[in-house]
Number of protein chains: 2
Amino acid sequence: MNSEDALSLGEETLTIAQMAERTGLSADTLRYYEKAGLIEPVRRSAGNQRRYAATDLDWVEFLLRLRATGMSIADMQRFARLRADGGATVADRLVVLREHRSGLGERIRVLQQNADALDEKIDHYERLLSPQPETERT
Amino acid sequence: MNSEDALSLGEETLTIAQMAERTGLSADTLRYYEKAGLIEPVRRSAGNQRRYAATDLDWVEFLLRLRATGMSIADMQRFARLRADGGATVADRLVVLREHRSGLGERIRVLQQNADALDEKIDHYERLLSPQPETERT
DNA sequence: CTAGAACTTGGAGTGCACTCCAGGTCAAAT
DNA sequence: ATTTGACCTGGAGTGCACTCCAAGTTCTAG
């Protein structure tokens, strides 16, 4: 009734379809990420199908956060490689994350400025639409 | 010494190179935007070279704001078409801008959440790096 | 046991937003 | 008169991040 087989020793695993559902990525994209080295080779069932572990899910969710904040695949590859290289790279990873965080802060700041400028433009259009409302403001 | 010729009647115009410099877009991109209909056909010199007016500059700067806030070329095309269609479309343009502004607000919000989550991850890494800070710093 | 759904692979195709190129024109300087 | 450099056009090429496909294998329900 469930997917217990050759490899599972009590660990709950997800098929690629289940992973896709939980992460919002397509199965194709999950395979693409793995091929690209963003995800370490996933464990397989006896019949060679992918079985994702909970740690894989956590990692993909973290990747999605990096992606959502504008990190390129290439940069995620670098980060994933550091992670794969083990605990000795923690300092390096911290540097990467701090840089990314700082760039993100800047981008949010700029976005907010542009939002403000857009608000002005919108005000301008609104004024165009209400030509002479006599008792306007005050 | 300057670019006064056949078409100019006191109006200051910019060559495509000058436009590129002022907007940060490449000359190629400026031509591409015009071909795509983002910019209305620019006036030409006697020798068929583009001469951008101040209003063109303003418009391109506005386009850049839309782009910076994530608007696609296709959506900018729709907006540009409304603008080209004249004053009767002001209400439509206002709707588009408001929608864009609202999506932008949401995206900033999400980005900020992701930034917060990144901060937590960074804290996590920092804790990994200072295992027994006994008399570490100070 | 078998049908059909879900999975596998390598590789081709897509959409976006440019970016580059070849071959030609035009203007200014030597 | 010619060289130099900025500009013109149409169209091809690029990089990114997927997305789709064909042909074959595996899994699961009946």
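Throughout, a chain's letter reflects where its sequence line sits, starting with A, and its residues are numbered from 1.
With rounding to whole Å, B:I39 atom CD1 is found 14 Å from C:dA17 atom C1'. We find that CG of A:L66 is positioned 17 Å from P of D:dC16, with the value rounded to whole Å. If you measure from atom CG of B:D75 to atom P of C:dG15, you get 17 Å, rounded to the nearest angstrom. Distance B:L14 CG to D:dA6 P: 16 Å, rounded to the nearest Å. The separation between A:R44 atom CZ and D:dT26 atom P is 12 Å, rounded to whole Å. Atom C1' of nucleotide C:dT8 and atom CZ of A:R50 are separated by 7 Å, given to the nearest angstrom. Straight-line distance from the CD atom of A:Q49 to the C1' atom of C:dA5: 11 Å, rounded to whole Å.
No path of Ile, Leu, Val, Met, Phe, Trp and Tyr side chains, each step under 4.5 Å between heavy atoms, connects B:L63 with A:V110, placing them in separate hydrophobic clusters.
Of the two residues near DNA chain C, B:A74 and B:N48, the one whose nearest nucleotide lies more 5' is B:A74.
For the atom pair CD1 (A:I39) and CZ (A:R83), the distance works out to 9.5 Å, reported to the nearest 0.5 Å. Annotation: the span from B:M19 atom CE to B:D56 atom CG amounts to 5.5 Å, rounded to 0.5 Å. A distance of 9.0 Å separates CD in A:Q49 from CZ in A:R44, rounded to the nearest 0.5 Å.
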Run the numbers on A:R31 and A:E34 for salt bridge (Lys or Arg N to Asp or Glu O under 4.0 Å), then give the verdict.
CA-CA 5 Å; A:R31 293 191 201 97; A:E34 187 177 338; over 6 Å; no
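Of the candidates B:R101, B:R98, B:R65, B:R101 is the only one forming a salt bridge (Lys or Arg N to Asp or Glu O under 4.0 Å) with A:D119. Partner A:Y33 forms a side-chain contact (heavy atoms from CB on, under 4.5 Å) with one of A:T23, A:D28, A:I73 and no other, that one being A:I73.
Near-neighbour residues of DNA chain D inside residues 19-37 of chain A, defined by a heavy atom below 4.0 Å, number-ordered: A:D28, A:T29, A:Y32, A:Y33. Shown for residues 102-113 of chain B: no residue has heavy atoms falling under 4.0 angstrom of DNA chain D.
Within the structure, every side-chain polar atom (N or O) of B:S45 is placed at least 4.0 Å from both OP1 and OP2 of C:dC26. Distances shown here put a side-chain N or O of B:R67 below 4.0 Å from the OP1 or OP2 atom of C:dC18.
Under a cut-off of 6.0 angstrom, the local environment of CZ in B:R81 is sparse, with at most 12 non-hydrogen atoms contributed by other residues, nucleotides or ligands. Remark: B:E21 CD is loosely packed, at most 12 non-hydrogen atoms of other residues, nucleotides or ligands lying under 6.0 Å away.
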